[in-house]
Amino acid sequence: MTDAVIDEIDGRMIRIGDRWLADFASCNYLGFDLDREIITAVPEYLERWGTHPSWSRLLGSPVLYTEIEERLSELLGCEDSLVLPTITLIHSSVIPVLARDGTVFVDSRAHKTIYDGCQLAAARGATVTKFRFEDAGDLERLLREDRSRTRLVCMDGLNSMTGNAPDLPEFARVAREHGALLYVDDAHGFGVIGQRDDDELCPYGTRGNSVVRYFDESYEGIVLVGGFSKSYSSLAAFVACPTELKRMLKTAAPPYLYSGPSPIASLATVIAGLDVNEKRGDLIRADLFQKTAQVLDCLDRLDIHTPNRSGFPIIEVPLASHQDIGAVGRFLYDRGVYVTLAAYPLVPKSEVGFRIQITAANTQAEIELLVDVLGQLVGSFDLQPAHPKERAA
Ligand SMILES: Cc1ncc(COP(=O)(O)O)c(C=O)c1O
């Protein structure tokens with residue numbers, strides 16, 4: 001289940017050669033890639049703007065960028081935002097700018113692209129140090145010992161493997177108290193989780209406006225990074241930051257100066273996606289929550305462990321024996337279930353397993369297939385138990 005060539009799709013079913021599989025490896029959480037309202041919005045933009053602007057953003061940006069940045073800033077409730085093609089490009093350019101020759105404190109389980117940004121910062125004179133995963137106390141200890149003038153803390157929002165969100169208010173408190181800037185990559189949270197509301201339709205919150213709003217935090221001392229390439233099914237990404245920092249990044253971040261921009265079709269699907277999010281986003285998230293709950297309930301019934309404590313739509317299933325990964329992958333594939341395999345050394349041996357991602361576009365029949373196949377899997381392989389038996393004293 002790696003490097004596959006997908007010959008055809010039909011909704012969230014994919015065809016590889018002559019085999020159809022239900023896709024549980026997609027990050028299109030809201031199903032915007034298949035939404036008719038979004039698809040039909042694109043041709044009009046192509047008629048007006050052609051396929052690709054091809055100026056670097058420094059040279060000129062179609063007014064579509066202004067519209068996206070204004071609407072995005074309103075949605076997030078932040079001062080300003082800057083759109084660049086990908087999060088990877090943002091990490092590699094913004095982290096070194098923010099770190100200068102100071103210290104970067106990076107979560108030991110941060111996404112690989114954050115690490116790459118930190119390495120570039122190190123090459124330009126920053127010191128990089130790791131703190132323990134989800135451990136704000138460990139971060140605080142390191143910050144107390146540090147003497148540098150510039151301090152940057154880098155971490156994930158909704159974690160792409162565990163499916164959980166960090167204790168953002170506690171990390172924000174620690175960072176603020178020690179004069180550090182908190183830099184959060186919420187690639188998976190944006191679009192899925194958002195501000196809490198008494199009338200919310202599900203515990204993901206409302207509007208999908210990301211992890212800072214989900215925790216009712218302010219943007220004081222926080223730079224939020226997110227992407228449109230997951231929930232919004234478009235090639236674009238953003239930094240939510242004060243206008244002053246945005247102005248600085250326009251001259252200091254190489255992708256703004258030198259990279260090609262997002263294709264017009266992607267800018268169009270971002271704008272149409274923002275429209276759909278406003279009109280139907282909360283209903284879609286409620287549906288996503290229900291589908292995810294069915295899978296989590298099934299794991300619980302089968303006594304299969306997952307680190308997911310949140311109910312968010314990323315569900316990792318670690319194996320009891322890391323050597324089984326190839327056979328488990330084949331087992332799932334042969335029964336028509338496509339997931340992301342997490343093999344050693346990409347993850348520690350104790351976490352080798354597979355990741356299921358649920359999207360609103362997965363049908364009830366696909367969810368039922370998954371539940372059925374998980375039931376068969378537990379009869380054929382050792383998985384980690386959800387409720388380990390108490391050891392006799
Ligand atoms: C947490 C996280 N950050 C960054 C990325 C990369 O995003 P982009 O494709 O916009 O570079 C991913 C993609 O998988 C991700 O999961």
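Nothing here was measured: the structure is a model prediction, and the numbers come from that model. Order of appearance sets the numbers: ligands from 1, and atoms from 1 within every ligand. Side-chain atoms are counted along with the backbone in the values below, which use heavy atoms only and exclude waters and symmetry mates.
Here is the list of ligand 1 atoms found below 4.0 Å of a heavy atom in Thr113: 3 (N), 4 (C). Below 4.0 Å from some heavy atom of Lys230 lie the following atoms of ligand 1, by number and element: 12 (C), 13 (C), 14 (O), 15 (C), 16 (O). Close approach to Ala187 involves these atoms of ligand 1, each under 4.0 Å from a residue heavy atom: 1 (C), 2 (C), 3 (N), 15 (C).
Between the side chains of Glu368 and Gln364, at least one donor N or O lies within less than 3.5 Å of an accepting N or O.
In terms of polar-atom proximity, defined here as any N/O pair under 3.5 Å, Ala237 makes no such contact with ligand 1. Considering backbone and side-chain atoms alike, Ser160 places every N or O at 3.5 Å or more from each N or O of ligand 1.
If you check each of His91, His188, Lys112, His111 against atom 5 (C) of ligand 1, the one with the closest non-hydrogen atom is His111. Nearest-residue assignment for atom 3 (N) of ligand 1 (options Ile87, Asp185, Asn159, Asp186; heavy-atom criterion): Asp185.
Considering Lys291, Arg285, Gln290 in turn, Lys291 is the only one that fulfils the side chain to side chain donor-acceptor pair (under 3.5 Å) rule with Asp287.
Under the 4.5 Å side-chain criterion, counting only non-hydrogen atoms from C-beta, Phe131 is in contact with Phe171. For the pair Val211/Leu158, no side-chain contact is recorded, criterion being any heavy-atom separation below 4.5 Å from C-beta on. Between Leu82 and Ile90 the shortest side-chain heavy-atom distance does not fall below 4.5 Å. Side-chain atoms of Tyr65 and Pro261, non-hydrogen and from C-beta on, do get closer than 4.5 Å to each other.
Ion pairing between Arg12 and Asp33 holds under the 4.0 Å rule for side-chain N and carboxylate O.
Shortest contact from atom 9 (O) of ligand 1 to any protein heavy atom: Ser229 OG, 3.9 Å. Scanning all protein heavy atoms for the shortest distance to atom 6 (C) of ligand 1 gives Thr88 OG1, 3.7 Å.
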